[in-house]
Amino acid sequence: MTGQVRTVDGRVAGRRGQATRQKLLDCLSEMLSSSPYRDVKVIDVARKAGTSPATFYQYFPDVEGAVLEIAEQMATEGAGLTELLEGRTWTGKSGWQTAQELVDGFLEFWRRNDAILRVVDLGAAEGDKRFYKLRMKILNSVNNSLADSIAELQSKGRVDKDVNPAAVAGSLVAMLAAVAAHQKGFSSWGVKQAELKPNLALLVHLGVTGKKPSK
């Protein structure tokens, strides 16, 4: 943890308090993997963490407040997705590798944070601006870099001048997010994970460059 961690009433939490707070968050994260968000109760989180509801309320106003804390940590990690595109090229065989690594990294991030991302998506869909901002923070990390890549290719005459880089990038990121959230469902369509990745990477490469990849 970085910086000072405070209790709900503004006191600075000591090392033991910080450990208790993190344990509550870890237990809540685990519970979100197996229970609907709105079924999770403070008493259940506290019991799983081996503490009391009173202790929970020292650090969080309610379950939603703790969920937002987890979501904020996840969104901060998600901002690092931009590293998948930093200094990368979209030309030749290297362009195909860029597309594959973007898809691989994006799907892996979604799998790793599946439970909290479902809550974020639900809150954003219901119009909660706090969850919407967190969702956009994650998507923008890829969207902005993709838009810059398309604009750069366009400036070199490698992408049609009528293409709107922001529109294409936004469409590709929305597609990635939708596919990432539906990964388990592809098996019901007879699509294996190993088949999904290269085909999704093909769509991303076509979207960015307008061309089939050189393999």
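Atom set for the values below is all heavy atoms of this structure, side chains included, hydrogens, waters and symmetry mates excluded. Start at 1 with the first residue, then count along the sequence.
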All N/O donor-acceptor pairs, side-chain side in residues 178-188, below 3.5 Å, sequence neighbours left out:
from: Q183; atom 1: OE1; to: R111; atom 2: NH1; distance (Å): 2.7
from: Q183; atom 1: OE1; to: Q193; atom 2: NE2; distance (Å): 3.0
from: Q183; atom 1: NE2; to: L107; atom 2: O; distance (Å): 3.3
from: Q183; atom 1: NE2; to: A180; atom 2: O; distance (Å): 3.0
from: S187; atom 1: OG; to: K184; atom 2: O; distance (Å): 2.9
from: S188; atom 1: OG; to: G185; atom 2: O; distance (Å): 2.6

Residues which pass side chain to side chain contact (heavy atoms under 4.5 Å, CB included) with L206, listed by chain and number, not counting sequence neighbours: L202, K212

Sequence neighbours excluded, every pair satisfying salt bridge (Lys or Arg N to Asp or Glu O under 4.0 Å) that has a member inside residues 153-174: E152-K156

Salt bridge (Lys or Arg N to Asp or Glu O under 4.0 Å) contacts touching residues 27-36 (sequence neighbours left out): E30-K48

R38 vs V63, side chain to side chain contact (heavy atoms under 4.5 Å, CB included): CA-CA, chis, key distance, verdict: CA-CA 9 Å; R38 292 192 173 89; V63 170; over 6 Å; no

T98 and V204, any side-chain heavy atoms less than 4.5 Å apart: no

Shortest non-hydrogen contact between L153 and T91, atoms and distance: CD2-CG2, 4.3 Å

Inter-residue atom distance S149.OG - R88.CZ, 0.5 Å rounding: 10.5 Å

For N144, side chain to side chain contact (heavy atoms under 4.5 Å, CB included) partners two or more places apart: N140

By side chain to side chain contact (heavy atoms under 4.5 Å, CB included) - contacts of A66 (at least two apart): L25, L28, F56, F60

Step-by-step side chain to side chain contact (heavy atoms under 4.5 Å, CB included) determination, E126 to D128: CA-CA 6 Å; E126 292 180 342; D128 189 317; 5.6 Å; no

Ion pair D121/R118, N-O distance below 4.0 Å: no

Side-chain heavy atoms of L102 within contact of L146, under 4.5 Å: yes

Which residues share a side-chain hydrogen bond (donor to acceptor under 3.5 Å, both in side chains) with S141, sequence neighbours left out: none

N143 to A166 - nearest heavy-atom pair and separation: OD1-O, 4.3 Å

Min side-chain heavy-atom separation L134-L68 under 4.5 Å: yes

Residue pair L32 / I116, side-chain heavy-atom distance below 4.5 Å: yes

Residue pairs fulfilling salt bridge (Lys or Arg N to Asp or Glu O under 4.0 Å) with at least one residue in residues 61-78, sequence neighbours excluded: R21-E69, E64-R130, E77-R112

ring-ring contact (aromatic ring centres under 6.0 Å, His included) pairs, two or more places apart, involving residues 65-110: F106-W110

All pairs passing salt bridge (Lys or Arg N to Asp or Glu O under 4.0 Å) where residues 194-204 contributes a residue, at least two apart: D104-K197

Close side-chain approach of F131 and V67, heavy atoms under 4.5 Å: yes

OG on S52 to CD on Q58, rounded to 0.5 Å: 7.5 Å

Sequence-distant partners of S35, side-chain hydrogen bond (donor to acceptor under 3.5 Å, both in side chains), two or more places apart: none

Residue pair Q97 / T89, side-chain heavy-atom distance below 4.5 Å: no

Distance (rounded to the nearest 0.5 Å) between T82 OG1 and I138 CD1: 13.5 Å

Exercise: identify the closest heavy-atom pair between A99 and A201: CB-O, 3.6 Å

Separation of H205 NE2 from L203 CG (nearest 0.5 Å): 12.0 Å

Non-hydrogen atoms of S145 and L85 that approach each other most closely: CB-CD1, 3.5 Å

V168 side chain near V208 side chain, heavy-atom distance below 4.5 Å: no

Least distance between heavy atoms, A79 atom then K137 atom: CB-CE, 4.4 Å

Under the ring-ring contact (aromatic ring centres under 6.0 Å, His included) test, residues paired with Y132 that sit two or more places apart: none

Verdict with supporting geometry, R47 and D44, salt bridge (Lys or Arg N to Asp or Glu O under 4.0 Å): CA-CA 5 Å; R47 185 180 294 128; D44 298 325; 3.4 Å; yes

